[in-house]
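Since we're looking at a predicted model, the values are computed, not measured.
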Amino acid sequence: MTTTYLKLPYVDSVLRPGALRAVVLARGPVGFTLDIGLNYYRGLPLSTIERFELTVDGERIADHLLLFEHDRTLLPLSALAQAFTEFWSVKKPLRVRVYQGGLASGDHEVGVTLVLRSPYMRLGPGAWGMIDGSASRTLTLQEAE
């Protein structure tokens with residue numbers, strides 16, 4: 001049971017310029033990565049992610065195409081609820097890898113729906129304060145690293 005949503009004014013930290021990068025192999029583009037910052041004043045375990053959705057140019061990316069990279073560990077969206085020991089720091093973005101064939105070069109409208117449960121705001125049995133870290137922004141696809 002959820003209660004109150006907290007929306008902090010750090011939206012610019014969620015989707016920063018330069019956060020969208022192409023993933024390219026020898027034969028061409030195969031996907032992209034997106035670095036997402038935490039819109040909160042302290043770090044949280046990845047298990048507190050209650051809802052995550054990614055859209056690019058108005059099209060929702062299917063959940064099975066998302067891989068979350070954290071400290072050299074790759075986790076599918078379905079595994080985040082059990083990632084109690086993976087701590088997302090406010091200083092280090094969470095990288096989302098998407099292997100769907102790649103994006104055209106240029107600008108893309110990127111939207112992230114990110115809802116987190118704050119383990120520090122227990123309001124009663126089964127009731128937690130929720131953090132809305134959702135954001136959208138036009139990002140320019142950067143060349144592969």
Side-chain angles (χ1 to χ4, degrees), residues 1-122 128-145:
M1 171 204 251
T2 60
T3 307
T4 305
Y5 282 83
L6 174 66
K7 182 76 170 175
L8 295 175
Y10 311 129
V11 174
D12 285 343
S13 69
V14 177
L15 294 174
R16 296 180 181 116
L20 184 65
R21 291 186 183 85
V23 176
V24 179
L25 296 178
R27 67 177 192 266
V30 295
F32 64 91
T33 64
L34 178 67
D35 290 342
I36 299 171
L38 186 57
N39 183 18
Y40 199 51
Y41 68 99
R42 66 192 311 178
L44 295 168
L46 292 181
S47 62
T48 63
I49 297 175
E50 291 282 323
R51 182 174 171 210
F52 184 88
E53 294 176 5
L54 174 62
T55 61
V56 177
D57 299 327
E59 298 289 325
R60 181 158 181 231
I61 304 296
D63 292 348
H64 73 276
L65 295 175
L66 305 174
L67 277 176
F68 294 81
E69 181 181 348
H70 183 267
D71 289 338
R72 299 184 195 166
T73 300
L74 292 175
L75 300 162
L77 180 62
S78 60
L80 293 184
Q82 300 301 315
F84 301 105
T85 59
E86 300 294 330
F87 193 77
W88 184 6
S89 167
V90 296
K91 293 184 178 184
K92 186 175 181 187
L94 180 63
R95 178 162 288 174
V96 181
R97 294 181 169 275
V98 180
Y99 296 101
Q100 54 36 297
L103 297 173
S105 62
D107 292 344
H108 296 276
E109 185 62 32
V110 177
V112 172
T113 300
L114 177 62
V115 177
L116 302 117
R117 177 184 68 258
S118 176
Y120 314 113
M121 291 191 293
R122 185 165 185 220
W128 304 91
M130 303 299 280
I131 303 154
D132 182 355
S134 302
S136 63
R137 178 179 227 166
T138 300
L139 295 173
T140 302
L141 185 67
Q142 305 296 308
E143 292 183 18
E145 297 176 326

Of the non-hydrogen atoms in Val56 and His108, which two are nearest, and what is the gap between them? CG1-CB, 4.1 Å
Minimum heavy-atom distance between Leu75 and Ala79, given as atom pair plus value: CD2-CB, 4.3 Å
Under the side chain to side chain donor-acceptor pair (under 3.5 Å) rule, what do Tyr40 and Arg42 come out as? Steps first, then yes or no, please. CA-CA 6 Å; Tyr40 199 51; Arg42 66 192 311 178; 6.0 Å; no
Under 4.5 Å between any side-chain heavy atoms of Val98 and Thr33, yes or no? no
Non-neighbouring partners of Asp63 that pass salt bridge (Lys or Arg N to Asp or Glu O under 4.0 Å), sequence neighbours left out: Arg60
Aromatic centroids of Phe32 and Tyr99 separated by under 6.0 Å: no
Just wondering, do Val96 and Leu67 contact through their side chains at under 4.5 Å, heavy atoms? no
Please examine the side chains of Phe84 and Ser47, heavy atoms only from C-beta on, and report whether any two atoms are closer than 4.5 Å. yes
Can you name the side-chain hydrogen bond (donor to acceptor under 3.5 Å, both in side chains) partners of Thr48, sequence neighbours left out? none
Enumerate the residue pairs fulfilling side-chain hydrogen bond (donor to acceptor under 3.5 Å, both in side chains) with a member in residues 73-89, sequence neighbours excluded, ordered by first and then second residue. His70-Glu86
Considering residues at least two apart in sequence or located in another chain, which fulfil the salt bridge (Lys or Arg N to Asp or Glu O under 4.0 Å) criterion with Arg51? Glu53
Step by step, work out the side-chain contact (heavy atoms from CB on, under 4.5 Å) result for Leu44 and Arg117. CA-CA 9 Å; Leu44 295 168; Arg117 177 184 68 258; over 6 Å; no
What residues form a salt bridge (Lys or Arg N to Asp or Glu O under 4.0 Å) with Glu109, not counting sequence neighbours? none
Do Glu143 and Arg21 have side chains that get closer than 4.5 Å, going by heavy atoms? no
So do the side chains of Thr140 and Leu20 get within less than 4.5 Å of each other, counting heavy atoms only? no
For Asp35 and Pro93, the nearest pair of non-hydrogen atoms, with its separation, is CB-CB, 3.9 Å
Please lay out, stage by stage, how Thr55 and Ile61 fare under the test side-chain contact (heavy atoms from CB on, under 4.5 Å). CA-CA 6 Å; Thr55 61; Ile61 304 296; over 6 Å; no
Check whether any side-chain heavy atom of Ile131 lies under 4.5 Å from a side-chain heavy atom of Tyr41, and answer yes or no. no
Does a side-chain heavy-atom distance below 4.5 Å link Leu80 with Phe68? yes
Using 0.5 Å steps for rounding, measure from the CG atom of Leu116 to the CG atom of Asp132. 9.0 Å
Evaluate the side chain to side chain donor-acceptor pair (under 3.5 Å) criterion for residues Asp107 and Thr138: first the C-alpha distance (whole Å), next the side-chain angles of each, then the deciding distance (0.1 Å), finally the verdict. CA-CA 6 Å; Asp107 292 344; Thr138 300; over 6 Å; no
Which residues satisfy the side chain to side chain contact (heavy atoms under 4.5 Å, CB included) test with Val90, sequence neighbours excluded? Leu38
Report the residue from Leu65, Thr113, Leu77, Val110 that forms a side-chain contact (heavy atoms from CB on, under 4.5 Å) with Leu54. Val110
